[in-house]
2 protein chains.
Amino acid sequence: MPRLDATDEQILAALTDNARATFAEIGARVNLSAPAVKRRVDRLLDLGVIRGFTTVVDRSALGWHTEAYVQVYCQGAIAPAELRRAWEDIPEVLSAATVTGTADAILHVLARDMQHLESALERIRSRADLKRSESIVVLTNLIDRSRTADPGEGG
Amino acid sequence: MPRLDATDEQILAALTDNARATFAEIGARVNLSAPAVKRRVDRLLDLGVIRGFTTVVDRSALGWHTEAYVQVYCQGAIAPAELRRAWEDIPEVLSAATVTGTADAILHVLARDMQHLESALERIRSRADLKRSESIVVLTNLIDRSRTADPGEGG
DNA sequence: CCTGAAAATACATGCCA
DNA sequence: TGGCATGTATTTTCAGG
């Protein structure tokens, strides 16, 4: 099993900070040339240590402040993977999980306003064969760090 | 308040898929030229909708399978931000949170083996002024999706 | 395993539709 | 807005220590 040295750790830290940094920029931070950084990143990708590169999206910057938890009751038994496929492309869905209890799944939904929320619920219902759904709209968020890149510096 | 059109949503989806995709690649997916994509991405950055770009790291690919929850008792009162700074650069620390109860904080730690875990605990203790700590080692994980980029395809 | 250089790509800009 | 054209930067490959 391969082990990472201190330079690999620094490269991972740099890429976690900014996945679009150039190899030269990373190299300046870890005292390495750009080609050397690239080869290490390629190796980390090859090993599966780097799973991929993503973007952290914050829709509250667009004034999306209407938030709801939606309990969903399916028509018969549906595989979790199927539900994921049904909803993963709906940008209003922050998270979805199958749960214990009477509901089959619970979705966390973020929208601009009530009208927008209603249209999102419409899309959520149309993509899966649901018996019914029950929405709980959030009045005030007491604690929420899930949409904050750096919990120490507010949002 | 600005609103995003369907093309912006597609660009966000593409960047969430792969934050290091080139503007030309994204353009091919959304039927736009590379400069047009760049201008939209710049606008999304400007609006704060794109918070940044990160890397998803999976250390289980390196055979890190020894996992523990560490309850930590501080020497007097310490600000959460201070604890975060103390531990955020330790790669073995998956998460850290201040908690209710008798302990001040709980850390989720992942290491290669017991020896490696011990050295990580040593570092954790040395970076903060701790009275004592108490480790609970995980025997078997029943459910854990936190380190899985795509829950539908196992890890 | 690294650096340094060269060729192939991609980015950033200005200008025009 | 978007597309095209251009100069600049970056990536990627290769030679050499």
Side-chain angles (χ1 to χ4, degrees), chain A residues 1-59 61-64 89 91-92 112 116 119 149, chain B residues 1-59 61-64 89 91-92 112 116 119 149:
Chain A
M1 197 66 78
R3 288 176 57 160
L4 306 186
D5 63 14
T7 305
D8 289 319
E9 293 293 352
Q10 286 180 289
I11 290 173
L12 284 179
L15 281 173
T16 301
D17 248 40
N18 175 18
R20 281 183 80 91
T22 67
F23 293 132
E25 283 166 352
I26 300 168
R29 194 160 144 180
V30 306
N31 293 104
L32 231 54
S33 68
V37 173
K38 182 202 180 322
R39 271 187 311 154
R40 280 170 181 263
V41 171
D42 284 345
R43 176 170 157 267
L44 292 170
L45 280 164
D46 218 53
L47 289 171
V49 175
I50 295 177
R51 274 280 185 94
F53 306 99
T54 20
T55 300
V56 13
V57 173
D58 177 12
R59 287 198 151 63
L62 291 170
W64 291 29
D89 288 331
E92 289 86 351
R112 259 192 317 278
H116 182 197
S119 89
Chain B
M1 197 67 76
R3 288 175 57 158
L4 306 187
D5 63 14
T7 306
D8 289 319
E9 292 293 352
Q10 286 181 288
I11 290 173
L12 284 180
L15 280 174
T16 301
D17 248 40
N18 175 18
R20 281 183 81 90
T22 67
F23 294 131
E25 284 166 351
I26 300 168
R29 193 161 143 178
V30 307
N31 293 104
L32 231 55
S33 69
V37 173
K38 183 202 180 322
R39 269 196 298 252
R40 279 171 180 263
V41 171
D42 285 344
R43 175 169 158 266
L44 292 170
L45 280 164
D46 219 54
L47 289 171
V49 176
I50 295 178
R51 274 277 186 94
F53 307 98
T54 19
T55 300
V56 14
V57 173
D58 177 12
R59 290 208 149 72
L62 292 170
W64 291 29
D89 287 332
E92 289 86 352
R112 258 191 317 277
H116 181 197
S119 89

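Predicted, not measured: the structure shown is a model, and the values here were computed from it.
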(message) For a quick test of reading the model, state the closest non-hydrogen atom pair linking B:Leu62 to A:Pro2 and the distance between them.
(response)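 So the two residues come closest at CD2-O, 3.3 Å.
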(message) As a quick check of understanding, evaluate side-chain contact (heavy atoms from CB on, under 4.5 Å) for B:Val30 and B:Arg40, giving each step before the final call.
(response) CA-CA 12 Å; B:Val30 307; B:Arg40 279 171 180 263; over 6 Å; no
Length of the [atom1]-[atom2] vector between [X] and [N], whole Å:
X	N	atom1	atom2	value
B:Asp42	C:dG14	CG	P	13 Å
B:Leu32	D:dC4	CG	C1'	13 Å
A:Phe23	C:dA10	CZ	P	13 Å
B:Ile11	D:dG2	CD1	P	8 Å
B:Glu25	D:dT10	CD	P	18 Å
B:Asp5	D:dT1	CG	C1'	10 Å
A:Phe53	D:dT11	CZ	C1'	14 Å

(request) Just do the side-chain contact (heavy atoms from CB on, under 4.5 Å) check on A:Arg112 and B:Met1 with the steps written out, would you? (result) CA-CA 10 Å; A:Arg112 259 192 317 278; B:Met1 197 67 76; over 6 Å; no
(request) Please answer whether the main-chain N or O of A:Ile11 pairs with a side-chain N or O of A:Arg29 as donor and acceptor at a distance below 3.5 Å. (result)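 Not a single qualifying donor-acceptor pair exists.
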(message) Looking at A:Ala21, is its backbone amide N or carbonyl O close enough to the side chain of B:Arg20 to form a donor-acceptor pair, meaning the two atoms are under 3.5 Å apart?
(response)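 It does hold such a pair.
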(request) Among C:dG14, C:dC1, D:dT10, find the nucleotide with the atom closest to the side chain of A:Thr22. (result)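 Among the listed nucleotides, the one closest to the side chain of A:Thr22 is D:dT10.
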(message) Closest approach to the side chain of A:Pro35, judged atom by atom: which nucleotide of D:dG3, D:dT13, C:dC2 is it?
(response)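 The closest nucleotide is D:dT13.
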Is there a side-chain contact between [X] and the phosphate of [N], meaning an N or O under 4.0 Å from OP1 or OP2?
X	N	value
B:Arg39	D:dG3	no
A:Lys38	D:dT11	no
B:Arg40	D:dG2	yes

(request) Using a 4.0 Å heavy-atom cut-off across all strands, classify A:Arg43 as base, sugar-phosphate, or nothing. (result)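 Nothing, no heavy atom under 4.0 Å.
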(message) Need to verify one output field. Residue with the more 5' nearest nucleotide on DNA chain D, B:Arg20 or B:Thr7?
(response)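 First, find each residue's nearest nucleotide; the 5'-ward one identifies B:Thr7.
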